[in-house]
2 protein chains.
Amino acid sequence: MESMGIGAVAKAAGVGIDTVRYYERAGLVAPKGRLSSGYRRYSELEVSRLRFIRRAQSLGFSLKEIRELLALSSSRNVASVKRKAEAKLADVDRRLTELKRIRAGLSSLVEACPGHGLPESCPILQALGGESP
Amino acid sequence: MESMGIGAVAKAAGVGIDTVRYYERAGLVAPKGRLSSGYRRYSELEVSRLRFIRRAQSLGFSLKEIRELLALSSSRNVASVKRKAEAKLADVDRRLTELKRIRAGLSSLVEACPGHGLPESCPILQALGGESP
DNA sequence: CTAAACCCTTGACTATGGTCCAGAGTCAAG
DNA sequence: CTTGACTCTGGACCATAGTCAAGGGTTTAG
């Protein structure tokens, strides 16, 4: 498989054709070349790049951040790539901490609710109606 | 301060006036009442509600989810309130699991990257460019 | 009373990350 | 050569979560 069309590259990377073109508009992937007809031609390199994008997205990077990451990877600046990943990790940790806090609050509310009786006996309603949970 | 206008409630909750009206359209907050002129009037209750929305949002809840959360408070059925809170807790747990997965992926990548040298030595670029776990 | 500050509605516009469609052109198999 | 699959461009459309502007009316302080 020397080179492939947009349908093949999309299928190989597990994304939609429109998504490939969307990523191209967003400056994330470019075809290896074009036929005289205008048809885009891709190689395995672009498949890897598309998979990189998907993987990075699943790790919580926005397309803008991924574009920066890709730019850095071609500038061969390993230190910058690491710094960006570290910043993202810190962001994830912050979310994790806050989510754990709300989990604890919600959990104690659920445990304290008898599940029957008057609304006054339900701490969930008390918490939502009155002060913040 | 018996009652306040939209500007005051927005300021007290730390959001924009347009945002308050947007939340009203989205069914998240309603003014306590209106003047004959049509001006919205709010009490401290709405300030709490707005603050709750902001906090829940910062924890990664969408406005749709927050609306569901808030709907719990207007239900008079304690059992159903408890069930919904439990479902929301399960939601939070799923989020937590996903975030932990993201954290683990990022963390191992960051730890394995030397922060200098050739891109070939950077596992952030290598791992993301290669296969998926 | 006047003027500043405030508020009203409607509707357009922003960014993100796509998805879909029309109408036309191109490619590959039979 | 014909047919069906594929691809092209451009633009519309979706949801989410706002933000801003136009062109009014209202409230309040001096």
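Residue numbers begin at 1 in each chain, while the letters A, B, ... track the order of the sequences.
- A:Ala13 and A:Leu50 get closest at one heavy-atom pair: CB-CB, 3.5 Å.
- Counting to the nearest Å, the P atom of C:dC6 and the CG atom of B:Leu35 are 16 Å from each other.
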Nucleotide N/O to protein N/O under 3.5 Å, stretch nucleotides 9-13 of chain D:
| residue | atom | partner | partner atom | Å |
| --- | --- | --- | --- | --- |
| D:dT9 | OP1 | A:Arg34 | NH1 | 2.9 |
| D:dT9 | OP2 | A:Arg40 | NH1 | 2.9 |
| D:dT9 | OP2 | A:Arg40 | NH2 | 2.8 |

Point to revise | Verdict with supporting geometry, B:Met4 and B:Glu46, side-chain contact (heavy atoms from CB on, under 4.5 Å) | key: CA-CA 10 Å; B:Met4 59 191 116; B:Glu46 281 76 45; over 6 Å; no
Could you list the protein-to-nucleotides 22-25 of chain C atom pairs, N/O on both sides, closer than 3.5 Å?
| residue | atom | partner | partner atom | Å |
| --- | --- | --- | --- | --- |
| C:dG25 | N2 | A:Tyr39 | OH | 2.2 |

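- Between B:Thr19 and D:dA17 there is no side-chain N or O to OP1 or OP2 distance below 4.0 Å.
- Taking atom CD1 of residue B:Ile6 and atom P of nucleotide D:dT19, one finds them 13 Å apart after rounding to whole Å.
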Kindly give the atom pairs (protein nitrogen or oxygen, nucleotide nitrogen or oxygen) under 3.5 Å for nucleotides 13-17 of chain C.
| residue | atom | partner | partner atom | Å |
| --- | --- | --- | --- | --- |
| C:dG17 | OP1 | A:Leu63 | N | 3.4 |
| C:dG17 | N7 | A:Tyr22 | OH | 3.4 |

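- The existence of a salt bridge linking B:Arg95 and B:Glu65 is confirmed by a sub-4.0 Å separation between a basic side-chain nitrogen and an acidic carboxylate oxygen.
- Residues A:Tyr22 and A:Leu63 meet the side-chain proximity criterion, which asks for heavy atoms closer than 4.5 Å.
- The line from CD1 of A:Ile6 to CZ of A:Arg21 is 4.5 Å long, rounded to the nearest 0.5 Å.
- Taking 4.5 Å as the limit, some side-chain heavy atom of B:Thr19 sits within range of a side-chain heavy atom of B:Arg54.
- Within the 4.5 Å cutoff, no side-chain heavy atoms of B:Lys32 are placed close to those of B:Leu45.
- Remark: C1' of D:dT7 and CE of A:Met4 are 16 Å apart, rounded to the nearest angstrom.
- With hydrogens and angles disregarded, no donor-acceptor distance shorter than 3.5 Å links the side chain of B:Arg103 to the backbone of A:Val92.
- Using N1 to N3 plus N6-O4 or O6-N4 for Watson-Crick, or N1-O2 and O6-N3 for G-U wobble, each under 3.5 Å, C:dG30 pairs with D:dC1.
- For the residue pair B:Arg94 and B:Thr97, no side-chain donor N or O sits within less than 3.5 Å of a side-chain acceptor on the partner.
- We find that CD1 of B:Ile17 is positioned 15 Å from P of D:dG18, with the value rounded to whole Å.
- Between A:Lys88 and A:Glu68 no salt bridge is recorded (no basic side-chain N to carboxylate O distance below 4.0 Å).
- Distance alone, capped at 3.5 Å, is enough to place a donor-acceptor pair between the B:Arg51 side chain and the B:Ala12 backbone.
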